[in-house]
Peer 1: 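Got a structure for you, questions after.
Just so you know, residue 1 is the first one in the sequence shown, and it goes up from there. Model, not experiment: these values are computed from the prediction.
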Amino acid sequence: MVNDHHTYKQLTAITSPGNVLVDEALYNHTYTRLGGKADFYVTPETYEQVQAIVKLSMKEKIPFTLLGNGSNLIVKDGGIRGIVLNPGRLADIRREGMRIVAQSGARIIDTSQFALSHSLTGLEFSCGIPGSVGGALFMNAGAYGGEVKDVLESAIVVDRNGDLLTLSADDLDLEYRSSNIPDKGYIVLEATFRMKEGQYEAIKAVMDDLTYKRESKQPLEYPSCGSVFKRPPGYFAGKLIQDSDLQGEQIGGAQVSLKHAGFIINLERASATEYIRLIHFVQDTVKEKFGVTLEREVKIIGEDPG
C-alpha cells in the first residue's frame, strides 16, 4: 500500500489538503456502489495541478489511476494502490460561437442541457448518458444512433509525461465504444464540440423522448454500471441474455435486471467480486447457447481482495 506521509505532503503542496483523501472508499464514487479503497484520492482544481500530479507520480514511481465519475466502471474489492485522480472539480461548460467547450469533469448530460439552453443541436443523443465528458471521450460514448465522434472537434489532454496537448478528434481514433485515450495514457481535460443552430422546442422534444425511453426501459432505480456489454455484430446483447433465460439470475447481491437484460444491478449490497462473477457467468452462458462472445463495455480496474 502506498500510504506515507511524504507522498501526502507532496500532494497537498500541489493542491489543497481538502482535495487529498487518504484510504478513501471508492464505492462512494462509482455508480455500481462497488470498490475497495484508494491510497490517495485526489481532486485537482486546475490543469496545472493535474500536470504536477502526473509528474509527481512519474518521478516517485507512484501508481497512478484516472477515475471519472465511475458510471461505466467496476472497481475491484481490493481497491487501487497509489494515486487515484478524479477531475470532477474541472466542470466548467461554456459557449464559444457555434462550439461548446466542456471540461472533463462536467457531466455529458449537463453539457447536452447547456446546448439545449442555447438552442444548439448535436448533443441530444447524450441527454441520458450518465458519464462525464472525459469518460464520454474515453469510450466514444453513444446512444440512440449518435456518438461523441459525430460532434467532437478537439480535446485538450495531459500525456504520460505531464505535458499539455491539443488534439483533433481524428487524433483520438474514435471507433465504436473505443478510442486511443487509454492506450496513449491521456487524461482528458477539455473537449470542444462542434454544434449547429437549432430550435429550442425541437431539440427539447427529442431529448424528452430519449429521456422517456431510457427511464421506462432501464433499471435506473438500482446502482449499476449501465450497459455491461458491447453490441455484438448482428445481435443485441440484451436479447441474447434474455433468450438465455438469465433475467433475474443472481450471484450474491448482483442480479441480471428483470427490467433490461443488458444491465446487471447491485440489488443487495453486492461485492465487486460477485458482480464480476455474474458478468462471467452471463458471458459463458450466452457463448454456450448461441456461440456468441459478449465483449464487455464496462471497464474493470483495481486489485482483488487480499
Peer 1: Please check if the side chain of Ser179 supplies one atom and the backbone of Phe138 the other of a donor-acceptor pair under 3.5 Å.
Peer 2: yes
Peer 1: Taking the side chain from Asn69 and the backbone from Pro130, do they hold a donor-acceptor pair closer than 3.5 Å?
Peer 2: yes
Peer 1: I want to check something: taking the side chain as every heavy atom from C-beta on, are Val50 and Pro87 in contact at a cut-off of under 4.5 Å?
Peer 2: no
Peer 1: Whether Arg231 engages the ring of Tyr176 as a cation-pi pair (distance to the six-membered ring centre under 6.0 angstrom, angle to the ring normal within 45°) should be assessed.
Peer 2: yes
Peer 1: Rounded to the nearest 0.5 Å, what separates atom OG in Ser154 from atom CZ in Arg194?
Peer 2: 9.5 Å
Peer 1: When you measure from the side chain of Asp173 to the backbone N and O of Asn180, does any donor-acceptor pair fall under 3.5 Å?
Peer 2: no
Peer 1: If you group Ile, Leu, Val, Met, Phe, Trp and Tyr by side-chain heavy-atom gaps below 4.5 Å, do Val256 and Ile265 land in one group?
Peer 2: no
Peer 1: With sequence neighbours excluded, tell me which residues meet side chain to side chain donor-acceptor pair (under 3.5 Å) with Asn161.
Peer 2: none
Peer 1: Rounded to the nearest 0.5 Å, how far apart are CD of Gln255 and OH of Tyr222?
Peer 2: 7.5 Å
Peer 1: For the atom pair NE2 (His29) and CG (Leu73), what is the distance rounded to the nearest 0.5 Å?
Peer 2: 12.5 Å
Peer 1: Between Ser57 and Ile83, which heavy-atom pair has the shortest distance, and what is it?
Peer 2: CB-CD1, 4.3 Å
Peer 1: Assess whether atom OH of Tyr27 is packed by more than 12 heavy atoms of other residues, nucleotides or ligands within 6.0 Å.
Peer 2: no
Peer 1: Do other residues, nucleotides or ligands put more than 12 heavy atoms under 6.0 Å from the CD atom of Glu221?
Peer 2: yes
Peer 1: Kindly indicate, with the supporting measurements, whether the criterion side chain to side chain contact (heavy atoms under 4.5 Å, CB included) is fulfilled by Phe114 and Asp110.
Peer 2: CA-CA 6 Å; Phe114 181 88; Asp110 294 337; over 6 Å; no
Peer 1: Would you find a donor on one side and an acceptor on the other, under 3.5 Å apart, between the side chain of Ser126 and the backbone of Ile129?
Peer 2: no
Peer 1: Any heavy-atom pair between the side chains of Leu240 and Pro232 that's under 4.5 Å?
Peer 2: yes
Peer 1: Please report the shortest heavy-atom distance between Leu21 and Gly18, naming the atom on each side.
Peer 2: CD2-O, 4.4 Å
Peer 1: Run Thr32 and Asn266 through side chain to side chain contact (heavy atoms under 4.5 Å, CB included) and show every step you take.
Peer 2: CA-CA 6 Å; Thr32 52; Asn266 184 347; 5.5 Å; no
Peer 1: Determine yes or no for a side-chain-to-main-chain donor-acceptor pair under 3.5 angstrom, with Glu288 supplying the side chain and Val286 the backbone.
Peer 2: no
Peer 1: Check the surroundings of atom NZ in Lys230: do more than 12 heavy atoms from other residues, nucleotides or ligands lie under 6.0 Å from it?
Peer 2: yes
Peer 1: Using modelled atom types only, decide if a donor and an acceptor are shared between the side chain of Tyr275 and the backbone of Cys225 within a distance under 3.5 Å.
Peer 2: yes
Peer 1: Would you check if the side chain of Gln103 reaches a backbone N or O of Asp92 as a donor-acceptor pair within less than 3.5 Å?
Peer 2: yes
Peer 1: When Asn140 is tested against each of Lys149, Glu147, Glu175 for side-chain hydrogen bond (donor to acceptor under 3.5 Å, both in side chains), which residue passes?
Peer 2: Glu147
Peer 1: Surrounding NZ of Lys239 (heavy atoms of other residues, nucleotides or ligands, distance under 6.0 Å), is the total greater than 12?
Peer 2: no
Peer 1: With a 4.5 Å cut-off on side-chain heavy atoms, are Leu220 and Arg214 touching?
Peer 2: yes
Peer 1: Count the heavy atoms of every other residue, nucleotide or ligand shown that sit under 6.0 Å from CD of Gln199, and state whether that count exceeds 12.
Peer 2: no
Peer 1: Arg81 and Gly78: which non-hydrogen atoms are nearest, and at how many Å?
Peer 2: NH1-O, 3.0 Å
Peer 1: Assess whether atom CZ of Phe290 is packed by more than 12 heavy atoms of other residues, nucleotides or ligands within 6.0 Å.
Peer 2: yes
Peer 1: Are Leu189 and Tyr186 in one and the same hydrophobic cluster, where Ile, Leu, Val, Met, Phe, Trp and Tyr link if side-chain heavy atoms are under 4.5 Å apart?
Peer 2: no
Peer 1: Do Tyr235 and Leu294 have side-chain heavy atoms sitting under 4.5 Å apart?
Peer 2: no
Peer 1: Does the side chain of Cys127 reach to within under 4.5 Å of the side chain of Thr211, using non-hydrogen atoms?
Peer 2: yes
Peer 1: Picking from Leu67, Thr65, Val22, what satisfies side-chain contact (heavy atoms from CB on, under 4.5 Å) with Tyr41?
Peer 2: Leu67
Peer 1: Does Glu274 use its side chain to pair, donor to acceptor, with the backbone of Ala270 at less than 3.5 Å?
Peer 2: no
Peer 1: So, for Gly122 and Val151, which heavy atoms are closest and what is the spacing to 0.1 Å?
Peer 2: O-CG1, 3.3 Å
Peer 1: Are Leu210 and Leu116 linked, directly or through other ILVMFWY residues, by side chains that come within less than 4.5 angstrom of each other?
Peer 2: no
Peer 1: Taking NZ in Lys204 as the centre, count heavy atoms belonging to other residues, nucleotides or ligands within less than 6.0 Å. Is the count above 12?
Peer 2: no
Peer 1: Does Asn86 use its side chain to pair, donor to acceptor, with the backbone of Thr43 at less than 3.5 Å?
Peer 2: no
Peer 1: For a quick test of reading the model, state the closest non-hydrogen atom pair linking Phe125 to Ala141 and the distance between them.
Peer 2: CE1-O, 3.8 Å
Peer 1: Does any non-hydrogen side-chain atom of Ile14 lie less than 4.5 Å from one of Pro44?
Peer 2: no
Peer 1: Return the minimal non-hydrogen interatomic distance between Tyr8 and Pro17, and the atom names on each side.
Peer 2: OH-CB, 3.9 Å
Peer 1: Can Lys37 and Asp23 be counted as an ion pair, charged N to O under 4.0 angstrom?
Peer 2: no
Peer 1: Residues in side chain to side chain donor-acceptor pair (under 3.5 Å) with Lys299, at least two apart?
Peer 2: none
Peer 1: Side chains of Leu120 and Arg95, heavy atoms from C-beta outward: is any pair under 4.5 Å?
Peer 2: yes
Peer 1: Is Ile93 reachable from Leu137 through a run of I, L, V, M, F, W or Y residues, each pair having side-chain heavy atoms under 4.5 Å apart?
Peer 2: yes
Peer 1: Would you sort out whether His118 and Met195 count as a side chain to side chain contact (heavy atoms under 4.5 Å, CB included), showing the intermediate values?
Peer 2: CA-CA 10 Å; His118 288 263; Met195 309 298 291; over 6 Å; no
Peer 1: Can you tell me if CZ on Arg89 sees more than 12 non-hydrogen neighbours from other groups inside 6.0 Å?
Peer 2: yes
Peer 1: Please lay out, stage by stage, how Ile279 and Ile74 fare under the test side chain to side chain contact (heavy atoms under 4.5 Å, CB included).
Peer 2: CA-CA 11 Å; Ile279 289 175; Ile74 297 169; 3.6 Å; yes
Peer 1: State yes or no: do Ile301 and Phe64 share one hydrophobic cluster built from I, L, V, M, F, W and Y residues joined by side-chain heavy-atom distances below 4.5 Å, directly or via other members?
Peer 2: no
Peer 1: Using modelled atom types only, decide if a donor and an acceptor are shared between the side chain of Gln247 and the backbone of Leu258 within a distance under 3.5 Å.
Peer 2: yes
Peer 1: Measuring from atom OG1 of Thr192 to atom CD1 of Ile156, what distance do you get when rounded to the nearest 0.5 angstrom?
Peer 2: 6.5 Å
Peer 1: Please round to the nearest 0.5 Å and tell me the distance separating atom CG of Asn19 and atom CD1 of Ile53.
Peer 2: 8.5 Å
Peer 1: Just wondering, do Ile241 and Val228 contact through their side chains at under 4.5 Å, heavy atoms?
Peer 2: no
